[in-house]
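Data first, discussion second: the structure below is written as structure tokens.
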Amino acid sequence: MTTRHILIIDDEYDIRAVAELSLKAVGAWQVSTAASGSEGVAKAAAEQPDVILLDVMMPDMDGIATFKALQANPDTKSIPVILLTAKTQAAEQRRFAELGVRAIITKPFKAMKLPAQIAAALDW
């Protein structure tokens, strides 16, 4: 069995901690974290995770800018990205989907169901 590696990019410590704990305990996946978009872009290039869980609302470099930076880099372009967002309006969801992200998971999420949501989005 292959261990999956997930990179969580979120500026909120509590969200990173809860998601990391869930993905390690329930999913038995390797998890790394980044507290900003720029840190996440650098870690994605260096670590080559299997998927990136990306917060939309972050200071400085938000999730959309981070996603575009990942797409512009040949080393990270093919890594699937799942957006994690509290923005649940239909127009916002459509705009996010049009970016080319693999899936959108809305906040607040149920920690124990997060690994199953990610696995379903990626056909794991």
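Below, all heavy atoms of this structure are taken into account, side chains as well, without hydrogens, waters or symmetry copies. No experiment lies behind these values; they were computed from the predicted model shown.
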Once you round to the nearest 0.5 Å, how far does [atom1] of [X] lie from [atom2] of [Y]?
{"X": "I82", "Y": "L54", "atom1": "CD1", "atom2": "CG", "answer": "10.5 Å"}
{"X": "I105", "Y": "K110", "atom1": "CD1", "atom2": "NZ", "answer": "13.5 Å"}
{"X": "S36", "Y": "D11", "atom1": "OG", "atom2": "CG", "answer": "9.0 Å"}
{"X": "H5", "Y": "L23", "atom1": "NE2", "atom2": "CG", "answer": "11.0 Å"}

Among the clusters formed by ILVMFWY side chains lying less than 4.5 Å apart, do [X] and [Y] turn up in the same one?
{"X": "I6", "Y": "L122", "answer": "yes"}
{"X": "W124", "Y": "V31", "answer": "yes"}
{"X": "I118", "Y": "F96", "answer": "no"}

When you check the side-chain N and O atoms of T33 and E20, is any donor under 3.5 Å from an acceptor?
no

Taking the side chain as every heavy atom from C-beta outward, state whether [X] and [Y] have any pair of such atoms under 4.5 Å apart.
{"X": "T106", "Y": "K87", "answer": "no"}
{"X": "S32", "Y": "I8", "answer": "no"}
{"X": "L70", "Y": "I79", "answer": "no"}
{"X": "D75", "Y": "Q48", "answer": "yes"}
{"X": "I9", "Y": "L84", "answer": "no"}
{"X": "W29", "Y": "D50", "answer": "no"}
{"X": "T85", "Y": "K107", "answer": "no"}
{"X": "V51", "Y": "R4", "answer": "no"}

Which heavy atom of [X] sits nearest to which heavy atom of [Y], and what is that distance?
{"X": "A86", "Y": "M57", "answer": "CB-CE, 4.2 Å"}
{"X": "K43", "Y": "A34", "answer": "CD-CB, 4.3 Å"}
{"X": "R102", "Y": "P80", "answer": "NH2-CB, 3.9 Å"}
{"X": "T76", "Y": "A69", "answer": "OG1-O, 4.4 Å"}
{"X": "A19", "Y": "F109", "answer": "CB-CZ, 4.1 Å"}

Donor-acceptor check, side chain of [X] to backbone of [Y], threshold 3.5 angstrom: yes or no?
{"X": "R16", "Y": "D10", "result": "yes"}
{"X": "T66", "Y": "D62", "result": "yes"}
{"X": "Q117", "Y": "I104", "result": "no"}
{"X": "Q71", "Y": "F67", "result": "no"}
{"X": "E47", "Y": "A44", "result": "no"}

Can you name the one residue among L114, L83, L7, V81 that meets side chain to side chain contact (heavy atoms under 4.5 Å, CB included) with L53?
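Per the side chain to side chain contact (heavy atoms under 4.5 Å, CB included) rule, the option paired with L53 is L114, out of L114, L83, L7, V81.
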
